[in-house]
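Taking it in order: structure first as C-alpha cells, then the write-up.
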2 protein chains.
Amino acid sequence: MGRGKIVIRRIDNSTSRQVTFCKRRSGLLKKAKELAILCDAEIALVIFSSTGRLYDFASSSVKSIIDRYNRTKEEHHQVLNATSVKVCSFLMQHRLH
Amino acid sequence: MGRGKIVIRRIDNSTSRQVTFCKRRSGLLKKAKELAILCDAEIALVIFSSTGRLYDFASSSVKSIIDRYNRTKEEHHQVLNATSVKVCSFLMQHRLH
DNA sequence: TCAGCTATTTATAATAT
DNA sequence: TATATTATAAATAGCTG
C-alpha cells in the first residue's frame, strides 16, 4: 500500500526503518482494536521496537490474556499428553501380545 | 476496505461476525509478521475468538516476549516509584519548612 | 530529521457461486 | 456453510517542503 511495492525483509536504512515502524505499528494497533470490537475477541499485542521501546494493546489487560494463554497452552499439553499415553499403551500392548 | 464502509462496533449477526473474524484475524497476523521482519521488532500477538479458540504469533516465542514484557513493566514501576519518592520528599520538605 | 501528501498497493465488505 | 470474486475503503511507500 504505497507508491511502490516492497519485499518483506529487514529494512537496511535505519531512518526509513524507523519511519516504517512508526506507521505500521500504529496501523497494527488500530487493526487489533478493531478486530477485538467487531468480533468480540480477546486480544493482546506486545511490540518491542529494535531500540527496546515497548508498545502494547490489550482488549482487557495484557496480564489477564497472558494468564488465559498460559492456561490454554497447559490444557493443550494435557490433551497431547493424554493422547500420547493412549498411543503408547496401544503400541505396547501390540508389541507384548 | 470493502464494498461498503463499516462502523467499528460488535457485529450482531453471528455468521458475518465469524466470517469477518476469520478474514481480519489472518490480516492482523500477516501484518504482525511483516512488521517484525521489516523493522526488526519483537512482537507477540495473542487472539482468543469469542468461542475461546486461540490463535497466536510471536517473532521469537510468546513466552520469551511475555517475560520481557513483565521485566519491562517492572522497570517502569521502579522508575515511577523512584519518581514518586522524590516528589513526596520534595512536598514534605516544603510543608515542613 | 519530521510532519503532511497522494499514487499505489493491500485488505476486505458485500456478493456470487 | 465454505470458498472465490470484485468493487471499494483503508493503509502506506516514497515524495515534498
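In what follows, chains carry the letters A, B, and so on, assigned in the order in which the sequence lines appear, proteins first and then strands, with residues in each chain numbered from 1.
Rounded to an integer number of Å, the gap from CD of Q18(B) to C1' of dT1(D) is 11 Å. In this structure, CD1 of I8(A) is placed 14 Å from P of dT9(C), rounded to the nearest angstrom. Note: CZ (R17(A)) to P (dG14(D)) measures 15 Å, nearest angstrom. As rounded to whole Å, 12 Å separates atom P of dT12(C) from atom CD1 of I11(B). Atom CZ in R3(B) sits roughly 10 Å away from atom P in dA14(C) (whole-Å rounding). Across the protein-nucleic acid pair, M1(B) atom CE and dA11(D) atom P stand 6 Å apart, rounded to whole Å. Atom CG in L28(B) sits about 14 Å away from atom C1' in dA11(D), given to the nearest Å. The interatomic distance linking L35(B) (CG) with dA11(C) (P) rounds to 14 Å, in whole Å.
Neither OP1 nor OP2 of dA13(D) sits under 4.0 Å from any side-chain N or O of K23(A). The side chain of R24(B) contributes an N or O atom lying less than 4.0 Å from OP1 or OP2 of dA13(C). Residue K31(A) places at least one side-chain N or O closer than 4.0 Å to OP1 or OP2 of dT12(C).
Along DNA chain D, the nucleotide nearest L38(B) and the nucleotide nearest V19(B) are compared for position; the residue whose nucleotide lies closer to the 5' end is V19(B). Positionally, the nearest nucleotide of DNA chain C for G2(A) lies more toward the 5' end than for the other of G27(B) and G2(A).
In this structure a side-chain-to-backbone donor-acceptor pair under 3.5 Å is missing from R9(A) to I37(B). Distance alone, capped at 3.5 Å, is enough to place a donor-acceptor pair between the R17(B) side chain and the D12(B) backbone.
Considering only the side chain of I6(B), dA14(C) comes nearest among dA14(C), dG14(D), dT10(C).
Taking 4.5 Å as the limit, every side-chain heavy atom of K31(A) sits out of range of all side-chain heavy atoms of L35(A). For the pair F57(A) and L28(A), the minimum side-chain heavy-atom distance is 4.5 Å or more.
The residue T20(A) sits close only to the backbone: its heavy atoms come under 4.0 Å of sugar-phosphate atoms, none of a base.
Using a 4.0 Å cut-off between charged nitrogen and carboxylate oxygen, K63(A) and D67(A) count as a salt-bridge pair.
Both distances falling under 3.5 Å, in either a Watson-Crick or a G-U wobble arrangement, occur for no nucleotide opposite dT1(D).
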